[in-house]
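Every chain is numbered from 1 and lettered A, B, ... according to where its sequence line falls, protein lines coming before strand lines.
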Amino acid sequence: MDSTWTFTRLVIITGSFGSGKSEYAINLALERAQTNCIANMTLVDLDLVNAYFRVREVRQLLEDRQVQTIVPREDVLHSDLPIPGPGIAALIKNLEMNVIIDVGGDDMGATALRGYRDCILGVDHDILLVVNPYRPFTHTIEDIHTMKEEIEYRSGLKINGVVSNPNSGISTNIDSLLAKHELVNRAAELMALPMVEILVYRDLFREHQKLFSDFPCRVRPIDIFLTPGWLLKQQKEDGKKQ
Amino acid sequence: MAKIKGYQRPQTLHDKPWHFCPGCHHGIVHRLCAEVVEEMGLQSQTIGVGSVGCGVFSYNYFNFDGIGPSHGRAPAVATGVKRVLPDKLVFTYQGDGDLAAIGTTEMVHSAVRGENITIIFVNNTLYGMTGGQMAPTTLMGQQTTTTPRGRTREQAGYPMKVCEMLATMDGSAYIARTAVFNPAQVLKTKKAIRKAFETQMAGLGFSLVEVLSACPTNWGMNPLEALDHVKDNMLPVYPLGEFKLKKE
Amino acid sequence: MSEVILMKGNEAIGEAAIRANCRHFFGYPITPQTEVLEYLARRLPEEGGAYVQAESEISAINMVFGASCAGARVMTASSSPGISLMQEGISYIASAQLPAVIINIMRGAPGLGGIHPSQADYFQSVKGGGHGDYKLIVLAPSSVQELIDHTMLAFELSEKYRTPVMVFGDGMLGQMMEPVVFPDYLPPPVDRPWATTGMEGRGPNIVHTLYLPAPDLENHCHRLFDKYRDIEAREKRSQEYFTDDAEILVVSYGIASRVARAGVEMAREAGIKAGLFRPITLWPFPDLQLQAAAKQARLLISAEISMGQMIEDVRLGIRDKVPVKLFNRIGLVPNPDEIFEFIKAEAGEVSKIG
Amino acid sequence: MTRVIFNEERCKGCGLCIQFCPKSIMYLSEQRNRLGYNYAIIDDMAGCTGCAICALMCPEVIIEVVEEAAV
């Protein structure tokens with residue numbers, strides 16, 4: 001297992017619908033800008049297929065914390081028009097900038113990458129596949145493999161790393177997380193891709209810090225930004241009752 | 001005393017009197033549909049979808065399963081039926097107001113999809129049921145209650161040619177225009193209906209038979225004058241023939 | 001099948017339909033409902049079903065009409081402007097007494113409105129929408145799990161009563177992800193001796209909605225309303241939180257009821273006797289349950305994401321015995337703080353009256 | 001021998017059968033049926049060839065053409 005993954009200046013995040021790409025992108029951008037003090041950190045909202053729960057909804061929060069954002073222009077920001085924000089190609093080519101691109105889900109979402117393929121290939125880059133096996137179309141190793149191939153086919157780009165995000169929302173527990181992570185691991189091996197890191201909700205991470213301290217791959221505690229806090233709290237309470 | 005059939009009312013028609021006016025061609029077209037269903041042995045396999053217009057009661061006359069949809073939506077309703085029962089014969093029976101005005105979208109897109117249904121389209125160049133208003137197929141200069149001085153280009157544009165349009169669709173498999181103003185044409189119409197139904201049962205795709213028909217009441221003619229009107233005034237605008245014939 | 005899986009509301013609806021043995025779906029894309037189509041376009045062919053993307057919502061609902069005539073378990077889904085286009089068909093389906101499930105993932109309106117969550121189609125769906133004397137059973141889920149449960153229930157009710165049933169969601173429910181479990185439940189199959197499937201071994205079946213002689217139409221409407229009375233007697237559903245001693249009773253449905261619940265919990269922590277009454281069926285409206293839940297209430301608050309629509313049924317339901325106020329937001333799902341502040345302010349007013 | 005059977009009570013007197021009868025043996029009766037129409041009748045049944053064109057054109061589907069074998 002590769003636990004010493006280093007990110008290039010251009011990190012492109014792909015995956016199936018609802019795999020957790022956007023939350024990962026936000027967490028990664030914040031960490032790199034704040035903890036790692038990487039300058040010129042820019043998060044690009046290239047999710048042109050979702051209508052809700054997009055990076056653009058937390059743009060102010062990101063900008064307050066030293067992450068620039070590229071989102072569609074104001075007049076279409078809250079529309080469902082698939083219009084990318086301005087200047088993405090220039091950003092990709094600009095070696096001064098550190099860029100994370102949050103791509104829309106599935107091969108449909110990855111289609112938006114195709115237009116930037118040539119400039120992406122011209123610079124160092126990572127294309128990561130976020131995998132959540134609790135999601136319907138990445139439920140099995142075969143499905144995960146198919147998802148990877150479809151995204152690569154549509155974008156014309158090669159994925160070079162896997163991010164494991166085995167969560168079933170608030171009902172995630174340590175056993176289910178580890179069991180499904182094992183499945184992602186096997187999928188990564190089959191696809192001959194390195195495991196970049198595993199994503200764990202921050203409270204679960206705290207609870208099991210010891211276990212995660214010598215985990216075979218890097219572990220990233222994740223904060224949730226796109227689901228309202230009250231809703232998470234309610235889901236958690238209801239989950240406990242069941 | 002043996003009784004041999006010369007002509008006999010088909011079993012696929014209930015024995016009840018039409019509501020149609022004297023000399024109305026709906027009666028002939030209804031009968032031909034029923035005869036073809038019977039001759040193909042499909043009485044128990046047929047679902048007829050009616051329309052709104054003078055053909056609204058078709059389900060009361062046909063002796064097989066029937067549906068009364070809303071105005072213009074028959075091809076969508078037939079699509080729903082056919083997707084559930086792909087092996088049955090599903091046809092709609094629609095007039096020019098129902099099909100070519102309010103139902104244009106449903107007609108065009110069922111042809112686009114190559115929906116494996118048949119439309120029997122009765123074109124009498126006006127809205128019969130509501131008392132003779134202009135239809136998309138109304139002839140230039142034709143007087144109707146809503147074109148009291150005759151249809152003009154400025155006010156209402158030009159007659160709509162359904163067969164010519166649908167024949168351009170890749171999904172259409174059989175498109176024909178016929179008439180019933182004399183015995184030879186009646187036989188040709190019957191043949192066309194049979195071909196359309198056979199096209200459907202062979203799974204070849206969308207089929208439509210347009211039948212030029214008389215509306216003596218709203219045309220202000222007697223039934224015999226109405227025959228001549230079809231022949232003399234409709235044929236030049238709506239030429240007869242097969243516009244599309246897909247084989248396999 | 002009791003495995004937990006993480007699903008988006010719209011996907012969950014699609015999968016619920018498949019688990020309920022629905023094999024026919026007709027729809028048209030519209031945000032924020034489109035994933036229902038996309039999910040079924042992918043899944044239905046795998047299950048040997050038929051998926052048709054119609055040319056309009058008008059066509060989609062009429063395909064539903066036809067498929068239901070032909071005896072199929074059938075569903076469509078849309079969002080507010082698309083549901084408006086379906087109203088004609090819904091009236092025909094109700095009159096023809098056909099079972100059908102219609103999903104409405106509501107968005108901001110009137111007109112083109114916006115793509116944000118909304119509950120502004122209450123009048124349209126609960127009070128009519130289409131032309132004529134008919135009723136629509138309207139179910140209001142408040143979670144992704146309930147989208148599944150209510151979609152399945154919708155099939156059962158629509159077939160039991162031969163009537164269209166609407167599952168009334170909003171953009172947020174459709175788009176949000178929650179862990180769900182698909183129940184081991186199948187809506188019971190019902191005989192459809194009336195279906196137009198070809199008259200093999202019987203006389204012709206006719207499905208129509210035309211009753212020209214006035215007495216025929218009157219009889220038809222009475223038959224429909226006998227059925228609706230039966231539904232009213234049996235199918236009113238609701239849920240309650242802290243209603244036993246509630247002096248301020250918030251009435252709220254769907255996604256808004258979850259915010260309201262959080263607001264009510266905050267009020268309870270602040271020592272205010274607040275409660276929540278959540279209608280699950282919007283028609284039939286659970287008026288008797290509301291009256292029982294409101295026995296200690298001095299004020300009712302109708303909390304909705306519309307300009308005050310359900311509030312009319314709340315007033316009717318409580319027979320005007322208790323004052324009813326409106327809390328609402330448009331274009332977004334409110335924050336529980338907002339409802340809490342509203343409750344707190346009203347609690348102050350109520351205590352002044354003593 | 002051929003016999004044309006009319007359901008006279010349902011005839012609306014449109015005259016299409018008369019128009020196309022090749023033997024011109026049909027005409028409208030002076031009598032009216034219960035619907036109030038002068039109905040079509042055949043004067044000279046012996047002249048009928050059984051071609052059934054009248055039935056083919058009849059919009060009311062009230063004409064049956066039968067052949068009765070000689071006894």
Looking at every heavy atom in both D/P59 and B/I28, which two are closest together, and how far apart are they? CA-CG1, 3.7 Å
I need the minimum non-hydrogen distance between D/I53 and B/P183, along with the two atoms involved. CG2-CG, 3.5 Å
Side chain, backbone, both or neither: which part of D/I63 has an atom under 4.5 Å from a heavy atom of chain B? backbone
Could you pull out the closest heavy-atom pair between D/F20 and B/F181, with the gap in Å? CZ-O, 3.2 Å
Residue selection (most heavy-atom pairs with chain D, distance under 4.5 Å) from B/L32, B/V180, B/L187, B/N182: B/N182
Counting heavy-atom pairs closer than 4.5 Å to chain D, which one of B/E35, B/H26, B/R31 comes out on top? B/R31
Examine distances only and state if a side-chain atom of D/E64 and a backbone atom of B/R9 form a donor-acceptor pair shorter than 3.5 Å. yes
Between D/A52 and chain B, with a heavy-atom cut-off of 4.5 Å, which part of the residue counts as in contact: side chain, backbone, both or neither? side chain
Could you look at B/D15 and say if it's the side chain, the backbone, both or neither that has a heavy atom under 4.5 Å from chain D? both
Please confirm whether the backbone N or O of B/F20 pairs with a side-chain atom of D/K12, one donor and one acceptor, at under 3.5 Å? yes
Could you tell me which non-hydrogen atom of D/V61 sits nearest to which non-hydrogen atom of B/P10, and how far apart they are? CG1-CD, 4.5 Å
Under 4.5 Å from any heavy atom of chain B - which part of D/L56: both
Count the heavy-atom pairs under 4.5 Å between each of D/Q19, D/R3, D/E60 and chain B, then report the option with the highest count. D/E60
Evaluation steps, side-chain contact (heavy atoms from CB on, under 4.5 Å), between B/W18 and D/I62: CA-CA 10 Å; B/W18 305 131; D/I62 54 164; over 6 Å; no
Once rounded to the nearest 0.5 Å, what's the spacing between atom CD of B/Q185 and atom CE of D/M57? 9.5 Å
Write down the atom of B/G23, the atom of D/C14, and the distance for their closest heavy-atom approach. N-CB, 3.3 Å
Contact listing (chain D partner; residues 224-233 of chain B; heavy atom under 4.5 Å): B/L224, B/L227
